[in-house]
> 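Got a structure for you, written out below as structure tokens; questions coming shortly.
Atoms within each ligand, like the ligands themselves, are counted from 1 in listed order. In this chain, residues are counted from 1 in sequence order.
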Amino acid sequence: MTARRTPAMGFVACAMIAWSACGGGPAPSSPTPVPPVSDAGSLKATGSGKLVGTAIQAGFLSDARYRAVLDREFNYITAEYQMKWDAIETSPGVRDFSAGDAIVAYADSQGARVKGHTLIWHGSVPSWVGGLSAADLRIAFESHIRAVAGHYRGRLLAWDVVNEAVADDGSGLRDTVFRQKLGDGYIADAFRLAHEADPQALLFYNDYGGEDMGAKSNRIYDLVKGLQAQGVPVDGVGLQMHISANGRPSDASISANMARLASLGLLVNISEMDVRINNVAGSTQARLDAQKSAYHDIVRLCVMEPKCHAVTFWGFTDAHTWIVGDTPLLYDAQYVRKPAYFGVLDALSGR
Ligand code: XIL
């Protein structure tokens, strides 16, 4: 890993080469203005120009403490798992959209947008799908995408169409049931089907471990470039950003990766950010400070990249996180803002 750089150094590097190489858009004249004091307690009110998102679960929407933070902070909502294939279609052909519908209704009531997550992922394959023949999997795959993307047609801003399809070492595609039975073309097929079912939705490829420059992000870059060359409707790439404050990818490397995706004309998302701190040495305060820096510096990379349109956190309170035994989110388990929160607030405010 290269030496860590401060965001300021990264931005100087961007300014020294053509700004277009750092994002393809016009050079920002100055950082995003600092918000009025009355907005200082709301991430979505910072005027960052970026959607500020969180993953949620429908069951928590009736919890007043959860709702108070959710309503105040976020304008982009993702279902943590309730729009995944195994959550919707536990038995073949019988689909339950109730939880996903509750999430979309909540977002609509708040004027927030929704990103559907996720149509095709090896981690959310219903058990009955595993035993299908190739021909039957093809039918189930197509009907799943048509039914789910069609159900939400016109109501979602975006979909994570294919999730985590690249092998961890970047050597090629992950060896999933889809690849084995449908062939490598399943990725292009998924995007085409999703576009037919919901032509207005922005369609993303989403993955982890390809946030910075490296073998995996090279493969993701080649994948989306290849899709574009085939005329496949792909609009962007999600960088999941499940990281540890200790040993996080360097700012310069993340921003270079964002810039090369942007240079393809693609949008970029930080799509599932959380920052583990248990392995940071020192005091509790040192851990919280390291977490704050990671959140600040990385969210600032999105703020500075014109093609980065959203930052989504994978939850917001340590009371509800998929990371067992750590405290990776912006609010503690008692819904008190952590230093990390103020790091994000600063970054979104242009500081
Ligand atoms: C996780 C959810 O947080 C869990 O609740 C669920 O049981 C498993 O999936 N990458 C992704 C997300 O794209 O869908 C995963 O979410 C976390 C890793």
Side-chain angles (χ1 to χ4, degrees), residues 53-61 63 66 70 74 76-90 96 99-100 102-103 114-127 129-130 144-145 148-149 152 156 158-168 170 173-174 176-178 186-187 190-191 194 202-212 216-217 219-220 223-224 234 236-244 248-249 267-276 298 310-331 333:
T54 181
I56 70 167
Q57 299 181 30
F60 299 144
L61 290 171
D63 175 334
Y66 184 91
L70 181 63
F74 302 102
Y76 201 29
I77 301 297
T78 300
E80 184 173 353
Y81 63 84
Q82 289 164 314
M83 291 188 187
K84 290 171 181 168
W85 192 353
D86 59 349
I88 288 175
E89 195 178 0
T90 46
D96 179 359
I103 287 171
V114 177
K115 180 170 63 178
H117 175 84
T118 172
L119 291 170
I120 295 298
W121 181 35
H122 67 279
S124 64
V125 178
S127 54
V129 168
H144 163 64
I145 296 173
V148 178
Y152 291 110
L156 308 189
W159 266 108
D160 287 332
V161 177
V162 176
N163 200 33
E164 302 179 356
V166 169
D168 287 343
L173 294 183
R174 187 185 296 277
T176 66
V177 66
F178 305 113
Y186 84 89
I187 297 174
F191 277 89
L202 297 169
L203 303 183
F204 282 83
Y205 175 77
N206 192 53
D207 212 330
Y208 67 87
E211 288 81 5
D212 59 347
K216 186 159 179 179
S217 64
R219 187 70 192 86
I220 292 168
L223 171 67
V224 291
V234 55
V237 173
L239 310 177
Q240 290 186 9
M241 209 66 76
H242 296 291
I243 59 171
S244 172
R248 64 183 164 106
L267 295 170
V268 182
N269 267 330
I270 293 174
S271 58
E272 305 185 11
M273 188 168 186
D274 48 29
V275 181
R276 299 183 301 280
I298 292 171
V311 179
T312 291
F313 307 102
W314 211 237
F316 55 88
T317 165
D318 291 334
H320 300 302
T321 167
W322 75 301
I323 305 284
V324 178
D326 209 312
T327 50
L329 294 172
L330 303 181
Y331 279 75

> Return the orientation label for the Trp85 and His144 ring planes: parallel under 30°, perpendicular over 60°, tilted otherwise.
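Because their plane-to-plane angle is under 30°, the rings of Trp85 and His144 count as parallel.
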
> Which atoms of ligand 1 are found less than 4.0 Å from any heavy atom of Asn163?
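Answer for ligand 1: 11 (C), 13 (O).
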
> Taking only heavy atoms of His117, which atoms of ligand 1 are found under 4.0 Å from at least one of them?
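Within the 4.0 Å cut-off of His117, ligand 1 contributes 11 (C), 12 (C), 13 (O), 14 (O).
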
> Only heavy atoms of Gln240, strictly under 4.0 Å: list the atoms of ligand 1 that pass.
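Reading through ligand 1 atom by atom, the close ones are 10 (N), 11 (C), 13 (O), 18 (C).
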
> Could you name the option among Met83, His320, Glu272 that has the heavy atom nearest to atom 10 (N) of ligand 1?
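It is Glu272 whose heavy atom sits nearest to atom 10 (N) of ligand 1.
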
> Out of Asp207, Asp160, Asn163, which residue meets the side chain to side chain donor-acceptor pair (under 3.5 Å) rule with Gln240?
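The side chain to side chain donor-acceptor pair (under 3.5 Å) with Gln240 is passed solely by Asn163 among Asp207, Asp160, Asn163.
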
> Apply side-chain contact (heavy atoms from CB on, under 4.5 Å) to Lys84 and His117, showing your working.
CA-CA 6 Å; Lys84 290 171 181 168; His117 175 84; 3.6 Å; yes

> Checking a contact table here: which protein heavy atom is nearest atom 9 (O) of ligand 1, and how many Å away?
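Its nearest protein heavy-atom neighbour is Lys84 NZ, 2.9 Å.
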
> What are the atoms of ligand 1, with element, lying closer than 4.0 Å to any heavy atom of Tyr81?
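Reading through ligand 1 atom by atom, the close ones are 5 (O).
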
> Is any side-chain heavy atom of Ile56 closer than 4.5 Å to one of His320?
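Answer no - side chains too far apart.
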
> Give me the residue, atom name and distance of the protein heavy atom closest to atom 4 (C) of ligand 1.
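Protein heavy atom with the smallest distance to atom 4 (C) of ligand 1: Glu80 OE2, 3.8 Å.
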
> Quick check: do Tyr81 and Trp322 have side-chain heavy atoms less than 4.5 Å from each other?
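Contact flag for Tyr81/Trp322 side chains = no.
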
> Output the distance between atom CG (Asn269) and atom OH (Tyr205), rounded to the nearest 0.5 Å.
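One finds 14.0 Å between CG of Asn269 and OH of Tyr205.
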
> So if I count the atoms of ligand 1 from 1 in the order they appear, which ones are less than 4.0 Å from some heavy atom of Glu164?
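Checking each atom against Glu164, I get 10 (N), 11 (C), 13 (O), 18 (C).
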
> Short check: is a protein heavy atom less than 4.0 Å from atom 7 (O) of ligand 1?
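Under the 4.0 Å cut-off, atom 7 (O) of ligand 1 has no protein heavy-atom neighbours at all.
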
> In terms of ring plane angle, is the pair Phe74 and Phe316 parallel, tilted or perpendicular, where the classes change at 30° and 60°?
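Because their plane-to-plane angle lies in the 30° to 60° range, the rings of Phe74 and Phe316 count as tilted.
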
> Taking 4.0 Å as the limit for heavy-atom contacts, which would you say applies to Trp314 with ligand 1: side chain only, backbone only, both, or neither?
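Only the side chain of Trp314 comes within reach of ligand 1.
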
